[in-house]
Protein chains: 2
Amino acid sequence: MLSNACKYTIRSMLYLALYTDETKKIGVKKIAEDLDTPQPFLAKLLQQLTRSKLVSSTKGPNGGFFLSKKNKEKSVWDIIKSIDGTEKFSQCFLGLSKCDDENPCPVHSIVTPFKQRILEDFRDKTILQWAEEIKKSGTVLSLRDFDAFKE
Amino acid sequence: MLSNACKYTIRSMLYLALYTDETKKIGVKKIAEDLDTPQPFLAKLLQQLTRSKLVSSTKGPNGGFFLSKKNKEKSVWDIIKSIDGTEKFSQCFLGLSKCDDENPCPVHSIVTPFKQRILEDFRDKTILQWAEEIKKSGTVLSLRDFDAFKE
DNA sequence: TAAGTAAAAGATGTATTTGTCTTTTAATTA
DNA sequence: TAATTAAAAGACAAATACATCTTTTACTTA
Ligand code: FES
Ligand code: FES
């Protein structure tokens with residue numbers, strides 16, 4: 001469903017939403033370590049998100065990536081649009097050239113409700129809302145033990 | 001979730017379940033046309049399934065692929081195991097190195113019920129059962145207009 | 001203003017997936 | 001048994017996804 005690239009960036013965005021703001025930035029190296037992702041690859045992806053105005057960055061000492069207030073109003077759907085594109089979400093699970101209710105494939109009625117449910121979250125919730133829910137629910141962005149404020 | 005290869009083969013297997021048996025065989029050319037899949041690629045995949053004893057075939061005039069009674073007792077899960085492998089179904093939707101209830105990612109609680117639901121169908125229903133349900137429900141394996149018994 | 005730091009940019013490399021093409025083997029039938 | 005048909009097998013080609021490396025640019029601070 002999602003490419004590795006997209007998985008890395010979604011988790012990075014949520015991580016940045018939780019641990020950064022205009023005054024607190026984090027470099028790729030630390031992000032990649034904390035989230036267990038390939039560092040140079042993630043750097044490329046974050047650059048792309050920066051170009052699409054989804055994340056902010058500054059160079060030099062104490063520089064790094066962060067999410068501004070505005071960045072935090074974006075949705076996961078915006079990330080997906082920027083990295084993977086959204087075609088996969090409208091495609092048939094079994095590869096029919098079109099997925100619709102008129103000519104459903106045998107799994108259409110199982111897959112469609114799920115897609116709608118997850119799409120709802122991806123499109124309608126802001127990154128900030130995601131971050132708040134993560135804090136409340138105790139869900140995780142990495143299985144690695146890390147402290148975002150260390151060093 | 002599923003590779004193109006796997007999508008092609010699943011639809012082919014269901015197609016073969018519907019329109020073939022020990023006495024009625026169909027060649028790759030027709031299958032690929034009816035299902036709108038790349039013909040030589042599908043041929044490769046069907047060969048693989050033949051090696052894994054999931055489909056039957058005979059060479060020569062009036063030869064082709066078909067599903068024996070035994071073949072029709074197999075599951076979609078068996079196809080997936082043969083073509084894609086099953087790892088993807090146990091992996092985290094957001095790319096955590098492990099997907100479990102102990103350390104769930106933010107979408108775990110949405111994705112897991114869906115995965116279990118579809119897995120249930122893939123594992124527990126036989127190809128024959130799928131075929132029967134397809135006949136009853138009128139779901140389709142192709143958007144192309146075809147007649148399996150023509151020519 | 002020089003040294004150091006970290007992102008940006010671009011070139012490059014590798015693996016996997018997807019797909020094709022050609023030759024061989026097996027079955028049928030005339 | 002020769003001609004024909006269709007799958008089997010294997011080599012090959014292209015596209016995409018995944019990932020790294022090197023150089024450049026911008027910012028900070030001593
Ligand atoms: S038609 Fe296959 S998932 Fe909708
Ligand atoms: S932990 Fe992410 S889907 Fe289960």
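Nothing here was measured: the structure is a model prediction, and the numbers come from that model. Convention: sequence-line order gives letters A, B, ...; per-chain numbering from 1.
- With dT18(C), dA8(D), dA7(C) as the choices, the nucleotide that has an atom nearest any side-chain atom of T50(B) turns out to be dA8(D).
- Counting any heavy atom pair closer than 4.0 Å across all strands shown, K44(B) reaches a base atom.
- In terms of phosphate contacts, S57(B) brings no side-chain nitrogen or oxygen within less than 4.0 Å of OP1 or OP2 of dA6(D).
- Computed from coordinates, the L46(B) CG to dT20(C) P distance equals 14 Å when rounded to whole Å.
- At the phosphate of dT29(C), OP1 or OP2 sits under 4.0 Å from a side-chain N or O atom of N62(B).
- Judged by closest nucleotide on DNA chain D, F41(A) is the one of G60(A) and F41(A) placed further toward the 5' end.
- Rounding to the nearest 0.5 angstrom, the gap separating the CD atom in Q91(A) from the OG1 atom in T86(A) is 9.5 Å.
- Note: NZ (K59(A)) to P (dA6(C)) measures 14 Å, nearest angstrom.
- Distance, F66(A) CZ to dC27(D) C1': 13 Å, rounded to whole Å.
- Remark: P of dT17(C) and CG of L45(B) are 12 Å apart, rounded to the nearest angstrom.
- Nucleotide dA6(C) holds its P atom 12 Å from the NZ atom of K24(A), rounded to whole Å.
- Taking atom NZ on K88(A) and atom C1' on dT17(C), their separation rounds to 12 Å, with Å as the unit.
- In the interface, the side chain of Q47(A) is not paired with the base of dA7(C) through any donor and acceptor atom under 3.5 Å apart.
- Comment: D78(A) engages K81(A) in a salt bridge, judged by a side-chain N to carboxylate O separation of less than 4.0 angstrom.
- As judged by a 4.0 angstrom heavy-atom cut-off over every strand, P40(A) is placed among the base-contacting residues.
- Spacing between atom CG of N4(A) and atom C1' of dA15(C) amounts to 12 Å, rounded to whole angstrom units.
- Within the model, atoms OH of Y15(B) and OG1 of T9(B) stand 15.5 Å from one another, a figure rounded to the nearest 0.5 Å.
- Applying the 4.0 Å criterion to OP1 and OP2 of dG19(C), one finds that Y8(B) has a side-chain N or O inside that range.
- Salt bridge status for K125(B) with E133(B): present, with a side-chain N to carboxylate O gap under 4.0 Å.
- Atoms CZ and OG, from F66(B) and S57(B) in turn, are 7.0 Å apart once rounded to the nearest 0.5 Å.
- The distance from atom CD1 of I26(B) to atom C1' of dT5(D) is 17 Å, rounded to the nearest whole Å.
- Map P61(A) and R51(A) each onto its nearest nucleotide of DNA chain C; the residue landing nearer the 5' end is P61(A).
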